[in-house]
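Position 1 is the first residue of the sequence, and the numbers go up from there. No experiment lies behind these values; they were computed from the predicted model shown.
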Amino acid sequence: MRESFTSTTFLILVITLQVKSQSTIDTLFSTAAPSISNTLAEPENATVSIEILDLDDVLASVKNDSKAPIGLPIVPAGFGNRPFMHAVNNNYRKEELMGRTLRLVVPKLEPPYVNYVNFSDAEVARRGYGPGVVIEILKMMGQRLNLTYAIIPSSEGKWGAQLDNGTWTGAFGMMYRKEADILGGAAIMQYDRGLVTDLTHPFQYAPTTMLIRSPLNFHDDTWLILTASLRWEVWAFTIGSIIASGMILYLLVRFLACANEVRYSMVDSVWMFYAVSVQQGVPTQPRSWSCRVMYALWWMGAVTLQATFTGSLVALFAVDKTTMPFNNIQQLVRLVQGSRWRIIMDGTTTTRTTMIRESESQTYRDLWYEMSVNRKVDYVNGTDAAIDLLLANPYYAFLGPEDTLKYWAAVDCRLTMISEGILPTYLSIPFAKDSEYSSYASTLIRDLVERGFIAKWITDYTSAMAIMKGNNKCATQSTAADKYLDLSKAQGAFWVLCAGFGAGIFLFMLEMIYKGVRMIWKNYREEKAKTVEVGDSVDQEEKISKQYLQA
């Protein structure tokens with residue numbers, strides 16, 4: 001009886017401690033992340049002034065070779081041969097990691113990785129979207145280990161770069177000086193960064209993409225009805241097929257003359273296949289089976305071609321087509337070289353600039369020459385400033401992380417993302433060098449990636465912001481007139497009609513000239529024949545007269 005009472009009391013005590021522990025965790029996470037200073041204001045409410053950073057200062061921080069501080073080696077181990085990642089040690093004891101306070105430095109807000117810095121569920125319910133991928137990962141790790149995060153504001157608001165003396169600036173400088181335990185941001189995995197911090201298992205593959213202001217629709221619809229439905233090579237091949245088929249038919253009817261085949265001329269043969277291509281009949285059908293089969297197959301091909309043409313027109317007028325100024329990095333570089341196009345880049349990090357400078361590709365060498373020598377690049381303080389500058393200038397291209405630019409293209413219809421990915425990178429969360437939490441965080445991140453949570457968080461945030469912002473900046477009120485085909489798009493048909501009138505008049509003049517020349521030639525020959533005939537009759541009369549006189 002006593003043992004039963006003791007067991008029951010112990011069970012009640014355990015349940016009470018668990019409830020109290022969970023309450024303590026919720027309290028910690030509701031108060032662990034107070035509202036941050038102005039450097040971490042909400043992106044949707046922030047008023048960003050476009051500040052162009054000094055290009056010489058930015059380019060001076062870009063180096064060819066990174067100088068590693070002495071005594072900080074990196075060991076490739078853990079999840080495969082990743083020299084940028086810390087050595088994973090799975091021999092840690094979870095009990096030793098629980099219940100601590102970790103210093104967290106957040107260099108800047110960068111949706112969808114860092115949307116805001118608050119770990120409470122109440123904040124998620126209030127805003128309607130999560131805090132971002134990085135904060136979600138840290139939040140889950142804090143819940144499992146009962147951690148508290150002490151937010152340390154970043155005075156510079158930048159990621160930071162390595163100086164010539166081996167020290168660092170910005171948020172990585174705070175990590176290097178042991179002023180922070182975690183860098184709360186999506187950091188690009190680099191060798192020099194891996195020397196001073198523990199870079200976790202990558203949670204996202206993030207190539208660089210290009211964002212531009214949405215281009216206008218067609219500028220010239222003169223030949224839209226012809227050139228947009230079928231390409232020029234299709235029209236050329238169709239015309240060539242009509243002429244070639246007419247020549248073949250002309251030869252066939254010549255060989256089949258003995259079989260009582262219709263004697264088509266060369267013009268009539270070509271005209272027959274043209275009539276078939278526009279779904280028209282011919283006055284006289286061929287009699288032989290060889291010509292009939294050829295004629296019938298041509299008719300089937302013409303039906304297919306006409307159906308394709310009609311379907312292309314329907315699709316063309318149903319959806320507005322835009323003309324992109326470029327579709328890949330090579331075309332962008334040519335535009336930068338030969339026109340007023342410029343590049344926008346985030347000046348808070350020089351990682352992508354360094355990748356462009358150190359690339360062996362001729363395309364990136366040409367781009368680096370335009371950026372460093374011709375100075376066709378503007379560095380701004382953050383993504384928001386880059387978007388404002390992009391919307392104000394149509395001849396700019398913003399190079400940034402794919403997920404961030406995809407988010408902006410989804411929430412603002414005035415922006416368009418070029419789908420080609422360049423400068424491939426992996427994103428990680430930096431921990432302090434030789435941190436006891438690096439291995440645990442890497443294991444957690446790998447599990448979240450495999451289960452699809454990272455992709456879900458990014459998609460959920462993008463969808464939520466698209467719904468909240470409405471993406472109606474380009475919305476126009478639809479009218480009844482918009483449902484009908486206007487003259488601008490249909491003018492190509494009338495130009496074809498005018499071309500037909502012109503060709504008819506031209507051929508009419510040629511026919512009149514030809515008939516006039518033939519008539520003149522015929523009259524000339526007749527007059528000449530009469531003259532010869534009269535001369536012959538005179539000679540004959542003179543010859544008769546001479547014979548008569550001689551007799």
Checklist line | Shortest non-hydrogen contact from Ile188 toward Arg352 | finding: CD1-NH1, 3.7 Å
Margin query: Does Phe453, at its CZ atom, have more than 12 non-hydrogen atoms belonging to other residues, nucleotides or ligands within less than 6.0 Å?
Written below: no
Margin query: I'd like to know whether Gln190 forms a side chain to side chain donor-acceptor pair (under 3.5 Å) with Thr351, so could you lay out the CA-CA distance, the side-chain angles of the two residues, the decisive distance to 0.1 Å, and finally the verdict.
Written below: CA-CA 8 Å; Gln190 286 184 295; Thr351 303; 3.3 Å; yes
Next item on the list: Decide, yes or no, whether a salt bridge links Asp121 with Lys139 under the criterion of side-chain N to carboxylate O below 4.0 Å.
Entry: yes
Next item on the list: Write down the atom of Asn118, the atom of Ile135, and the distance for their closest heavy-atom approach.
Entry: O-CG2, 4.3 Å
Notebook entry, point to check: Could you state the interatomic distance from CG (Asn328) to CD1 (Ile422), rounded to the nearest 0.5 Å?
Noted result: 10.0 Å
Checklist line | Option passing side chain to side chain donor-acceptor pair (under 3.5 Å) with Ser438 (candidates Thr443, Asp198, Thr197) | finding: Asp198
Note to self: Strictly by salt bridge (Lys or Arg N to Asp or Glu O under 4.0 Å), give each pair with a member in residues 337-348 just once, sequence neighbours left out.
What the structure shows: Lys108-Asp346, Arg342-Asp378
Margin query: Let me confirm one number: the CG-CG distance from Leu211 to Leu405, rounded to the nearest 0.5 Å.
Written below: 5.0 Å
Notebook entry, point to check: Is the number of heavy atoms from other residues, nucleotides or ligands under 6.0 Å of Tyr369 OH greater than 12?
Noted result: no
Next item on the list: Measure the spacing between CE of Met141 and CD of Glu136 and express it to the nearest 0.5 Å.
Entry: 13.5 Å
Margin query: Quick check: Tyr129 with Tyr116 (ring centres under 6.0 Å apart)?
Written below: yes
Item checked: Residues Glu370 and Arg365 bridged, charged N to O under 4.0 Å -> no
Check: Which heavy atom of Ala410 sits nearest a heavy atom of Thr462, and at what distance?
Finding: CB-CG2, 3.6 Å
Next item on the list: Indicate the atoms forming the closest heavy-atom contact of Glu420 with Gln330, along with that distance.
Entry: OE2-OE1, 4.2 Å
Next item on the list: Rounded to the nearest 0.5 Å, what's the gap from CE on Met140 to CG on Leu145? Could you check?
Entry: 12.0 Å
Next item on the list: Determine the interplanar angle of the Tyr149 and Phe119 rings, folded into 0 to 90°, and report it as parallel if under 30°, tilted if 30 to 60°, perpendicular if over 60°.
Entry: parallel
Notebook entry, point to check: What's the spacing between Trp408 CH2 and Met417 CE if we round to 0.5 Å?
Noted result: 15.0 Å
Check: With distance as the sole test, does Thr169 use its side chain to make a donor-acceptor pair with the main-chain N or O of Ala161 at under 3.5 Å?
Finding: yes
Check: How would you list, by chain and number, every residue that makes a ring-ring contact (aromatic ring centres under 6.0 Å, His included) with Tyr437, sequence neighbours excluded?
Finding: none
